[in-house]
J.: 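Handing you this structure, nothing more for now.
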Amino acid sequence: MDNIKSKLVEKFKKTYNQEPERFFFAPGRVNFIGEHIDYNGGKVLPFAINKGIFAAIKYDDSNKIKLCSHIDNQVYEIDYNNDFNQYKNTSLWIRYPLGVIQALKNQGYRFKGISLYYWSNLPVGSGLSSSAAIEILTAYVFYLQIKTASQIDRIQMAILCQQVENQFIGVKCGIMDQFSIAMGKKDHLILLDTHSLEYEYLRFLFPDVSIVVINTNKPRTLAGSKYNDRRTECKLSLEILQKKYKINTLVEATEDMLNDLVSNTLQKRTMHVISEHKRVQKIRELLTQNNSSIENLTLIGKLLYESHYSLKEYYEVSCYELDVIVEESQKIDSVYGARMTGAGFGGCAIALVKQQEVNNYISQISKKYKEKTDLEADIFEVQIEDGVKEI
Ligand code: ADP
Ligand code: MG
């Protein structure tokens, strides 16, 4: 962290010709399990990671915001009195922070002049939610002008940023990303009902295991349209089942109802939803036993593999690259489990790996992945971290 702080100081000085006053960090996030069931009444199980976006800031007496990011190293100087909606339809990265500040302005808040420098070690556009990280980071920095850290309602902050992403950025995401980045807790997964926003922290503490993230670096061109298709298929399945059974959401369906769906596609989608929901419940049970044994870890790993194969075969949202990572991981003895994470069709996978073997694992998978896909994967170990904070 000290290394990063001195880097931020150096960059800030170079950009603004002065020393920064305060430093902040917003993590990226990974979903451990519970994929594609949040919109079917199920729960997700995300966590915040130790990679994310950093900000160095300094207040001044102007009526301006100055924004700079390592992404393009350009300084954008914007007057608070301007209507930020003009940035809505641009492709500039500043639309994320400006969307957040506009939403706070709409609530009647007024702010001091400020210079911000953003720097990140989180891959962009890879499904680790750099967009939610920059939103939450900005919201936190600006809320701290009007409240103390303990007064900030982190859930309300997550909701505000989700609305910005939906309305200002135009991405119809759910609340999981912003929630995990605002509410992350060191060494804990967050079991979250994305509709009621009820949540529970589950301690994940296996001393000899590492969580490894493997970024396929595959462009996620299909993700948006296929995501919408799956949502439609689930909605249709629920409507068909509700004609005969008293269920409110698709996770309440049971296997004996599958025959009523007639279409093989709808049966497969529903199979995934039912089984993924069960896996989340099993993992919750295993983690609440507070038992860090190898047996428990092995069971958790097995559930990760099952989740992957269900997403591949039944939900059909995996892709060749993600399958290569999971299948090759399964051949390695030091791996307990692996799965794709996020919406699919690219993005990242995660693996649970024996800590002493992580370096071996990384070199083996990198090599295999390159051989089989002709792409370079980015592979790194992550820690489960707290949500947004001042550093
Ligand atoms: P992700 O899966 O990472 O959330 P998105 O496409 O939703 O991918 O968001 C990526 C966008 O967020 C980038 O194109 C950029 O506009 C913005 N962004 C992410 N990280 C940074 C950063 N460090 N500095 C400036 N903008 C960033
Ligand atoms: Mg995003």
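Along the sequence shown, residues are numbered consecutively beginning with 1. Remember, it's 1-based here, ligands and their atoms both numbered in the order they're listed. The figures here come from the full heavy-atom set of this structure, side chains too, leaving out hydrogens, waters and symmetry mates.
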J.: Assert yes or no for the condition that the ring centre distance of Phe12 to Tyr118 is strictly below 6.0 Å.
T.: no

J.: Can you confirm whether the side chains of Thr288 and Arg284 place a donor and an acceptor under 3.5 Å from each other?
T.: no

J.: Relative to the ring of Tyr199, is the ring of Tyr201 parallel (under 30°), tilted (30 to 60°) or perpendicular (over 60°)?
T.: perpendicular

J.: Side chains of Asn40 and Thr249: donor-acceptor distance under 3.5 Å anywhere?
T.: no

J.: Can a side-chain donor-acceptor contact be found between Tyr76 and Asp72 if the only test is distance below 3.5 angstrom?
T.: yes

J.: Where does the angle between the aromatic ring planes of Tyr80 and Phe142 fall among parallel (under 30°), tilted (30 to 60°) and perpendicular (over 60°)?
T.: perpendicular

J.: Looking at Glu321 and Leu375, what are the two nearest heavy atoms and their distance?
T.: CG-CD1, 3.9 Å

J.: May I ask you to decide if the ring planes of Tyr227 and Tyr39 are parallel, tilted or perpendicular, using 30° and 60° as cut-offs?
T.: perpendicular

J.: In terms of ring plane angle, is the pair Tyr140 and Phe24 parallel, tilted or perpendicular, where the classes change at 30° and 60°?
T.: perpendicular

J.: Anything protein N/O/S under 2.8 Å from the Mg ion (ligand 2)? Just list residue and atom, please.
T.: Ser131 OG

J.: Measure from every N or O atom of ligand 1 to the protein's N or O atoms and keep only the pairs below 3.5 Å, writing each with atom names and distance to 0.1 Å.
T.:
unit_1, atom_1, unit_2, atom_2, d
ligand 1, 2 (O), Gly127, N, 3.0
ligand 1, 3 (O), Gly125, N, 2.8
ligand 1, 3 (O), Ser130, N, 3.1
ligand 1, 3 (O), Ser130, OG, 2.7
ligand 1, 4 (O), Ser130, N, 3.2
ligand 1, 4 (O), Ser131, N, 3.1
ligand 1, 4 (O), Ser131, OG, 3.0
ligand 1, 7 (O), Ser131, OG, 3.1
ligand 1, 8 (O), Gly125, N, 3.4
ligand 1, 23 (N), His70, NE2, 3.3
ligand 1, 24 (N), Ser69, OG, 2.8

